[in-house]
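Each remark here refers to the structure printed beneath this line.
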Amino acid sequence: MSQTLKAVRGTRDLLPPETALWNRIETTARQVFARYNFGEIRTPIFEDTSLFARSVGEETDIVSKEMYTWEDRARAQSEKPQSLTLRPENTAGVVRAYIEHKLGETGQLQKLFYIGPQFRRERPQKGRYRQFWQIGAEAIGPPSAGSESPLRDAEILEMLATFLDELGIAGWTLELNSVGSAADRARYNEILRAALVPLAPQMCVDCQRRAVTNPLRVLDCKVPEDQPIIETLPKIGDSLGQESIDHFAAVTAALEAAGVPYHLNPRLVRGLDYYTRTTFEFTHGGLGAQNALLGGGRYDGLSEAIGGPKAPGIGFAMGLDRLVLALQAAEAVRKDAAPQIADAYIAPLGEALNAAALTLARELRRADLHIELGDGAFRLKKSLEIANKLARRIVIVGEDEVQSGNLTVKNFLTGVQTKVSRAELTACLKKPAREVPA
Ligand code: ATP
Ligand code: MG
């Protein structure tokens, strides 16, 4: 006996009616981002592995153990096989596209958003999957386009607050920090390295490695036993240069003026190496252990790190899977979860009438009505039973109806059954079912 095939561990099928909720989130994102003049970008799902190694960082969890990477066979003898990777995040792809298409030469700030699946080989649990979806956006451009301005940071954070509010996700917290410039970070890394010499041997094996290779990553550690030690480490805020301090002060001042609440979190560093200065997360209490709805920040040196021009930027990525969970936790979605009720169910009385029923359905659907099409093989009783569950009305297509052009319509809400001419049918079906007669 062959084994039943199942979706691969860490991946899952999204089914209706839940997909309606996914669509609502995506639609809200598109609407809100459009008001801030962001345009959509779609980058490939796989990229050259070195893109992620150079941007996300070799020492990060993502690159060191979570990527789906394979050697793509060479097409010709002269070609070397290419190492390819399913994208674990989308910022690297966006910045690669920015460089490849010379978007910097427009001299303007590029405001781009994306919606799509990402892949990480993580331990699957609630809110953590191996294929998950992100909605993200990036504002990137040459410094002359204002890409370094703290106003950009504040605007993006304000946009996120607006998006979550419009979506109906209550009770989010904006956790905010600055990790300083590349120079500040390098200085802090050395301070951490020194501080970790006596402490690392008491920490988890990952931290023992990070303490040497990339001490900042120690702050990412999720091992509970390591947390009291991490609490004692020097804070990055004390290593910031004056420029970083001023930049961050301008961000928080703008947020306060706009009335966006935030919480300063001096331990917040992001799991990717490319972040500089402003870093943030939006968390939500209803999510349990996976409480981060989204994360982001500035990446002023990223473009240069992958061979591009100077192009400071700021962006974020939201976990769509987690937005769905947060909305479900808030029980704000009961209405969306109800199966969609069609405007009408078309019931052909006999298989010979199937074609006529399809023709009618085509006409009504083109008039923007939601139509369920039955089948002439069903008896009328069965059609009525199905229709009652799926639609507000049933339209019966019998031999007489086709001849006379008058269709039998039954309104399930009022129980009234009448004849409606084909010319009036569309208007009739568009009327709320509460209005009698049909
Ligand atoms: P976490 O700390 O939860 O692992 P992260 O720091 O790895 O998050 P980012 O790489 O910044 O997260 O991704 C941004 C957002 O994408 C996260 O805040 C989260 O909502 C979502 N996300 C990240 N990894 C996953 C995953 N494996 N499954 C579902 N959502 C995810
Ligand atoms: Mg992670």
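First listed ligand is number 1; within each ligand, the first listed atom is number 1. Every heavy atom of this structure was used, including side-chain atoms; hydrogens, water molecules and symmetry mates were not. If you read the sequence from its start, that first residue is 1, and numbering goes on from there.
Counting atoms of ligand 1 from 1 in the listed order, those under 4.0 Å from a heavy atom of Lys222 are 2 (O). Within ligand 1, counting atoms from 1 as listed, the ones closer than 4.0 Å to a heavy atom of Gly295 are 18 (O).
In this structure, Arg393 is not positioned above the aromatic face of Phe412 in the sense of NZ or CZ being under 6.0 Å from the six-membered ring centre and within 45° of the axis.
Side chain to side chain, Ser83 and Asp48 fail the donor-acceptor criterion of an N or O pair below 3.5 Å.
Residue Val218 comes nearest to Arg210 through the heavy atom pair CG2-CB, 3.7 Å, listed as atom of the first residue, atom of the second, then distance.
With contacts defined as side-chain heavy-atom distances shorter than 4.5 Å, the pair Phe38/Met159 qualifies.
Using a 4.0 Å cutoff on heavy atoms, Gln290 does not count as a contact of ligand 1.
Residue Ala292 has at least one N or O atom closer than 3.5 Å to an N or O atom of ligand 1.
When Gln125, Lys126, Gln118, Arg120 are checked for heavy-atom proximity to atom 24 (N) of ligand 1, Arg120 turns out nearest. Of all the listed residues (Arg130, Arg322, Glu66, Arg128), Arg128 holds the heavy atom that lies closest to atom 4 (O) of ligand 1.
The part of Gln134 lying near ligand 1 is the side chain, judged by heavy-atom distances below 4.0 Å.
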Candidate pair Asp184 and Ser181, rule side-chain hydrogen bond (donor to acceptor under 3.5 Å, both in side chains), full reasoning: CA-CA 5 Å; Asp184 298 337; Ser181 65; 3.2 Å; yes
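Aromatic ring orientation, Phe33 versus Phe163: tilted (interplanar angle from 30° to 60°).
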